[in-house]
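Report on the following structure.
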Amino acid sequence: MREKELLDALETASRLKKNTRHCWTDKDRKESIADHSWRLALMAMLLENEPEFKDVNMNTVIRICLIHDLGEAFTGDIPAFNKTDKDTAAEETIYHQWISSFDEADRKEWQSLMDQYNTQSTREGQVCKALDKLEALISHNESDISTWLPLEYDLQKTYGQENMAANPYFLSLRKLIDAWTDRKIQEETKNSDQQI
């Protein structure tokens, strides 16, 4: 990527640092899309040497993680429980329009990476999608429960299950996250009862 194109791409991508997600990282700070994408890539890097992923190109997974939400630089984040097929199509369209200005090699790579994520046609795309869901669950558990919407008490237990069903590592990690969710809800219920 030539220098001017690089600066333009980085300027667009920097919107992910400002565009926030539904989740809170602290009392007065919402999680940014960049926060999410960075930790997703870190998760992939940390799994590289796990036996369950020996047949997965984790460099490709990391690359998918880094770009999977770049359409949200233009549209902003829409929480999964509100996102429609029309929203997804708009995000994909604007992403494709954006990368159409890239040189051919970069455009093909970025298109391939996003296609793997969207179609789930490769192990790399599937791993990224599962990590995407798991990272959201972890972030949500890290948020103060007062920021949860009523629907999220159930959603936290069902979100993304289909994306991790075939992977023993993800199923084991999901059990740990679910136990954390249960403790969080029980603690909140206990505190509510004590205030009555």
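Numbering starts at 1 and runs along the sequence shown.
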Any donor-acceptor pair under 3.5 Å from Glu5 side chain to Arg2 backbone: yes

Contact summary for Glu11 and Ser14, nearest pair of heavy atoms: O-OG, 2.6 Å

Give me the ring orientation class for Tyr95 and Trp110: parallel if the planes are under 30° apart, tilted from 30 to 60°, perpendicular past 60°. parallel

Expected output: side-chain Glu48 to main-chain Met58 donor-acceptor under 3.5 Å: no

For the backbone of Asp115 and the side chain of Thr119, can you confirm whether one donor and one acceptor N or O come within less than 3.5 Å of each other? yes

Side-chain H-bond candidate by donor/acceptor type, Thr181 with Asp178, under 3.5 Å: no

For the residue pair Leu40 and Cys128, what are the closest heavy atoms and their distance? CD1-O, 4.3 Å

Closest heavy-atom pair and its distance - Ala44, Val61: CB-CG1, 3.7 Å

Glu31 side-chain N/O to Cys23 backbone N/O, donor-acceptor pair under 3.5 Å: no

Between Arg107 and Asp103, does at least one N-O distance fall below 4.0 Å, as a salt bridge requires? no

Between Arg39 (side chain only) and Ala34 (backbone N and O only), is there a donor and an acceptor less than 3.5 Å apart? no

Cluster link Leu42 to Phe53, ILVMFWY, side chain under 4.5 Å: no

Under a 4.0 Å threshold between the charged nitrogen and the carboxylate oxygen, would Arg63 count as salt-bridged to Glu109? yes

Any carboxylate oxygen within less than 4.0 angstrom of a Lys/Arg side-chain nitrogen, looking at Arg15 and Glu72? no

Are Leu6 and Leu70 connected in the hydrophobic side-chain network, where two residues link if heavy atoms are under 4.5 Å apart? yes

Among Asp132, Ile33, Asn118, which one satisfies side chain to side chain contact (heavy atoms under 4.5 Å, CB included) with His68? Asp132

To the nearest 0.5 Å, what is the distance between CG (Leu16) and CG (Asp77)? 10.0 Å

Judged by atom type as modelled, is there a donor-acceptor pair below 3.5 Å linking the side chain of Glu91 to the main-chain atoms of Gly71? no

With under 30° as parallel and over 60° as perpendicular, where do the rings of Tyr153 and Trp148 fit, or are they tilted in between? perpendicular

Would you find a donor on one side and an acceptor on the other, under 3.5 Å apart, between the side chain of Asn167 and the backbone of Met164? no

Got a donor-acceptor contact below 3.5 angstrom from the Glu92 side chain to the Ala89 backbone? no

For the pair Ser172 (side chain) and Pro168 (backbone), establish whether a donor and an acceptor sit closer than 3.5 Å, ignoring hydrogens and angles. no

Does Asp35 come within less than 4.0 Å of Lys17, counting only side-chain N to carboxylate O? no

Whether Lys184 side chain and Ser143 backbone form a donor-acceptor pair below 3.5 Å: yes

Does Glu187 come within less than 4.0 Å of Arg183, counting only side-chain N to carboxylate O? no

